[in-house]
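Heads up: the structure comes next, in structure tokens.
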Amino acid sequence: MSTRPMVKSEAVHKSFGRLEVLRGIDLEVQPQEVMCMIGPSGSGKSTFLRCINHLEKIDAGRLSVDGELVGYSERGERLYELPDREVCKKRSEIGMVFQRFNLFPHMTALENVIEAPLRVKGENRDQAVARAGKLLERVGLADKVKAYPNQLSGGQQQRVAIARALAMQPKLMLFDEPTSALDPELVGDVLDVMRGLAKDGMTMIVVTHEMGFAREVGDTLVFMDGGVIVEQGNPRDVLTNPREERTKTFLSKVL
Amino acid sequence: MSAASAPRPEAIKAIPVRHPWRWLAAVAVVGFAAEAIYVVATAPDLRWPVVQHYLFQVRIGLGAVATLELTVVAMVIGIALGILLAVMRISPNPVMSTVSWFYLWFFRGTPVLVQLFFWWNLPLILPTIGAFGWQFETVKYINPFIASILGLGLNEAAYMAEIVRAGIISVDQGQTEAAMALGMRRTQVLQRIVLPQAMRVIIPPTGNETISMLKTSSLAFITQFGELFRVSTEISAFNFRIVELLIVISFWYLLFTSVLTVGQYYVERYFARGSQRELPMTPWQRLRRMLFTFHAPPPQPPVAQRRDDSGQAF
């Protein structure tokens, strides 16, 4: 079966000023695959995620989602920058969950979830509300529909954030250290939701420090350091038998 | 909480520390203020009956209405144009941000009295403005009211622009990112996500500006617009009771600013949604609570609070 990869990255480079954060990233994520990314902070994991939905522009290389270049269209030999409208449309097909939740504090949980379906997709309100209710139920927050974010715990906020991303019916979900800002006892609920998503066949890229999650749910594990992929493969293999010295050093510190 | 079931010890009863200096300072300040009021109130040449006569006089009333009108219209222009200027200022288009910068530089850099007088005298240099095939006769349209709202409104816009910009900057960058990641357009992000949150920062200084505008509107006397101050000078020009009329209009200015202060409180309360766990009580609620629970025992800690999975009380 020759399926088109959901994400394809070829020699992706990205610099902030003089600092080169990504120095040639090559990887492929297949549909329904769960890829976990680990690595020390500053290794470029988050930047790479942000490149995928064009929150950051790449400087060199090729990056495509679902067979289409991110941020550009290609006609003949030339690249044309996509107009805002197109970029927004493509972003709307990719869900993103942030380390710091970034829920809209002036809106209730429900309003957070229906905002984008209403404004971006122009969905009918009743339909959006009905679906948002189901999504909030799915993440275990059916009784928090009317709560404002600051009335929710970190774990609950993050689950609302996941529901908010899912409301756009994305074909790909990006998780940027979704549990790093949570108290340890709240991590489980969020991981449970993500586990459920993976089981339902969502394509996911998860930047995480949760090695247990990576081992159990991830199909592939990527270890990044210094803007390059040091090692990638089956999570069990990478975690138990790392080939590279740098991977070993990193794992010995976090495990 | 520990499982210890020892009985709660008796509440502490201690002799409070005495503060004689506080009392002394309070007496001194109150005495001084009372003396000052007494001296002014009993000034030999101050005619209180004149104050009383003009306080609710029709001309003064019309002047008060004109002052309010001017304040409202100038603030509406100032806020609308201020938001536009703030958005231009942070726009990725360098021409936009530069134009906005120059606007601020000019209108904040010249006295508002000068600007008012300029608009009033615009027909002197430009009796007609012809542009883009339009012919606009300034002589016909520049009347005292128009000159006043132009002078006050355009000046205010420069200050409001900075207030709005401060509000926009104060909103966490993550909010914009989250909204963009959902596919929202720049204008949508601004309108739906950033501005509503910026409001919390924008409102208090805007209230300040409104109160300030109410008083600055008195400078519109220079355009011969009949607001409170101009009316008072017109009356005192023939009866010479200058101070009495100043007291009269001060009464109205104070009344209006007091009302605005209360209004600001409620607007702030509205925009505090989502930023405070519980809205602050209105003055009325506070008064009622003070009256009815003043002598009541301190509230008992709730016995069985429902706790959510995070251990946070709800």
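Below, each value reflects all heavy atoms present in this structure, side chains not excepted, and no hydrogens, waters or symmetry copies. This is a predicted model, so every value here is computed, not measured.
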Checklist entry - Is there a side-chain contact between B:Thr216 and B:Glu156, using heavy atoms and a 4.5 Å cut-off? => result no
Item to check | Which atoms of B:Gln175 approach chain A - backbone, side chain, both or neither, heavy atom under 4.5 Å | outcome: both
Next on the checklist: Between A:Leu49 and A:Phe175, is there a side-chain heavy-atom distance shorter than 4.5 Å?
Outcome noted: no
Next on the checklist: Looking at chain B, which one of A:Met168, A:Arg164, A:Lys89 has the largest number of heavy-atom pairs inside 4.5 Å, strictly under?
Outcome noted: A:Arg164
Checklist outcome for this item: The side chain to side chain contact (heavy atoms under 4.5 Å, CB included) partner of B:Met213 among B:Asn155, B:Val72, B:Thr71 is B:Thr71
Checklist entry - Side chains of B:Leu84 and B:Leu81: closer than 4.5 Å at any heavy-atom pair? => result yes
Checklist entry - Are the side chains of A:Lys90 and A:Val70 in touch, meaning some heavy atoms are under 4.5 Å apart? => result no
Checklist entry - Given a strict heavy-atom distance threshold of 4.5 Å, which part of A:Leu174 is in contact with chain B: side chain, backbone, both, or neither? => result neither
Next on the checklist: Counting C-beta onward and ignoring hydrogens, is there a side-chain heavy-atom pair between A:Ile25 and A:Met224 closer than 4.5 Å?
Outcome noted: yes
Checklist entry - Non-hydrogen atoms of chain B under 4.5 Å away: do they reach the side chain of A:Glu115, the backbone, both or neither? => result side chain
Next on the checklist: Given heavy-atom pairs under 4.5 angstrom as the criterion, report whether the side chain, backbone, both or neither of A:Arg119 touches chain B.
Outcome noted: both
Item to check | Side chain / backbone / both / neither for A:Phe104 at chain B, heavy atoms under 4.5 Å | outcome: both
Checklist entry - With chain A, which of B:Arg186, B:Gln197, B:Arg192, B:Met199 has the greatest number of heavy-atom pairs at distances under 4.5 Å? => result B:Arg192
Next on the checklist: Which atoms of A:Leu55 are under 4.5 Å from chain B, going by heavy atoms: the side chain, the backbone, both sets, or neither?
Outcome noted: side chain
